[in-house]
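Contents: one structure, followed by commentary.
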Amino acid sequence: MNVFDRSINLDALFKFSQMSRSTQAHLKKVYSSLALCMLAAAAGSYVHLATRLLQGGVLSVLGSLGMMFWLAMTPASPHTEKKRLALLAGFAFLTGVGLGPTLDLVIAVDPSIVVTAFLGTAVVFICFSLSALYAQRRSYLFLGGTLMSGLSVLFLMSLANMFFGSVLLFKAHMYLGLLVMCGFVLFDTQLIIEKAENGDKDYVWHCVDLFLDFITIFRKLMVLLTMNEKKVVERSPQVPESCRAHAAGSREL
């Protein structure tokens with residue numbers, strides 16, 4: 001018997017028997033909206049980097065929060081669907097603008113880090129999403145309390161580091177935050193499935209949860225990769241002194 005002579009059943013691969021057809025259709029809308037958010041965020045980042053007409057900072061953060069609050073206050077109905085999609089795109093665009101300062105610092109060290117971080121984020125997000133989709137329903141919902149506790153610990157670490165200014169504490173904060181956000185991908189995906197099974201088909205707002213997970217993982221990966229790259233630049237004896245000085249000058253992200 002030839003072990004390589006085996007047929008692959010793609011229908012079984014994409015069959016989610018634990019979900020109803022309406023929930024599967026809902027998830028298609030959620031991930032389609034997520035793709036729209038990615039394009040809008042990329043456009044916002046490009047506007048910041050290429051034109052400098054919109055500078056990422058406090059105003060972009062306040063603008064994105066305002067858009068998200070406006071979206072939350074707009075009831076979900078067929079009559080408001082286009083308006084809510086426009087608000088979602090505006091929220092994602094301003095979020096992309098808000099990534100501008102981080103992108104500036106990362107590109108100053110090594111532009112390829114942005115591509116590496118995005119591909120890494122995509123792989124992590126897809127793997128954890130598939131784990132949540134194929135797992136038994138509600139099997140990851142128990143993570144909710146642990147993840148919220150993790151967010152509390154991250155907040156306390158961030159608050160403490162305002163006084164200590166420790167690089168080690170900052171890196172611990174970033175790695176722990178990355179782990180917590182990966183857990184949120186599992187939790188949010190299964191929570192969306194459970195809400196859809198119970199009749200909540202607000203795919204626009206469900207998309208916001210997954211988009212925030214993706215953006216947070218992407219930001220943390222960029223920062224961690226940049227910190228590691230600067231260590232290599234500063235320690236390598238073959239790197240010109242001007243490059244070391246440039247890396248040292250962009251130490252704070």
Side-chain angles (χ1 to χ4, degrees), residues 14 24-74 76 78 80-107 110-130 132-133 178 181-182 184-185 188-189 192-193 196 201-223 225-226:
F14 294 101
Q24 294 181 39
H26 173 73
L27 288 175
K28 290 180 181 179
K29 291 183 178 180
V30 172
Y31 288 110
S32 297
S33 301
L34 183 60
L36 171 67
C37 286
M38 296 302 174
L39 292 174
S45 298
Y46 177 80
V47 167
H48 171 86
L49 295 173
T51 67
R52 304 292 177 177
L53 293 177
L54 292 174
Q55 295 293 320
V58 177
L59 290 180
S60 62
V61 172
L62 292 177
S64 62
L65 289 176
M67 283 286 186
M68 187 170 66
F69 182 76
W70 190 0
L71 177 61
M73 292 297 102
T74 305
T80 61
E81 184 176 15
K82 291 183 179 180
K83 177 182 177 181
R84 298 181 84 241
L85 284 173
L87 291 173
L88 178 66
F91 163 70
F93 179 85
L94 290 175
T95 302
V97 175
L99 283 173
T102 304
L103 288 171
D104 285 335
L105 293 170
V106 171
I107 291 173
D110 186 356
S112 65
I113 291 177
V114 177
V115 178
T116 304
F118 180 80
L119 293 177
T121 304
V123 170
V124 169
F125 187 85
I126 290 172
C127 290
F128 279 90
S129 295
L130 289 176
L133 291 172
L178 188 60
M181 294 315 302
C182 289
F184 266 111
V185 175
D188 287 335
T189 302
I192 289 170
I193 293 172
K201 299 299 176 63
D202 186 4
Y203 69 92
V204 177
W205 188 252
H206 293 168
C207 172
V208 172
D209 294 332
L210 296 181
F211 175 69
L212 290 175
D213 294 342
F214 189 97
I215 288 296
T216 306
I217 293 174
F218 175 58
R219 187 193 299 271
K220 291 184 181 300
L221 268 182
M222 277 199 303
V223 173
L225 290 173
T226 303

Measuring only between side-chain heavy atoms, which start at C-beta, is L34 closer than 4.5 Å to Y31? yes

Item to complete: Decide side chain to side chain contact (heavy atoms under 4.5 Å, CB included) for T95 and F211; before the verdict, give the C-alpha distance in whole Å, the side-chain angles of both, and the deciding distance to 0.1 Å.
Response: CA-CA 10 Å; T95 302; F211 175 69; 4.0 Å; yes

OG1 of T189 to CZ of F184, rounded to nearest 0.5 Å, is 12.0 Å

d(Y203 OH, L27 CG) to nearest 0.5 Å is 13.5 Å

Interatomic distance, NZ@K220 vs CG@L225, rounded to 0.5 Å, equals 13.5 Å

- Check step by step if side chain to side chain contact (heavy atoms under 4.5 Å, CB included) holds for L99 and H48. CA-CA 9 Å; L99 283 173; H48 171 86; over 6 Å; no

query: In terms of heavy-atom contacts, does CZ of F118 have more than 12 from other residues, nucleotides or ligands at under 6.0 Å?
result: no

When rounded to the nearest 0.5 Å, the distance separating CG of L221 from CD1 of I113 is 11.0 Å

Stepwise side chain to side chain contact (heavy atoms under 4.5 Å, CB included) test for M68 and W205: CA-CA 9 Å; M68 187 170 66; W205 188 252; 3.8 Å; yes

Discussion item. Go through it in stages, so that I can follow the logic: the residues are L212 and F91, the test is side chain to side chain contact (heavy atoms under 4.5 Å, CB included), and I'd like the CA-CA distance, side-chain angles, deciding distance and then a yes or no.
Written reply: CA-CA 11 Å; L212 290 175; F91 163 70; 3.7 Å; yes

- Can you check whether I107 reaches L49 side chain to side chain, under 4.5 Å on heavy atoms? yes

NZ of K29 to CD of E81, rounded to nearest 0.5 Å, is 6.0 Å

Taken to the nearest 0.5 Å, the spacing of M38 CE from L36 CG works out to 10.5 Å

So, do I193 and L133 sit near enough that their side-chain heavy atoms are less than 4.5 Å apart? yes

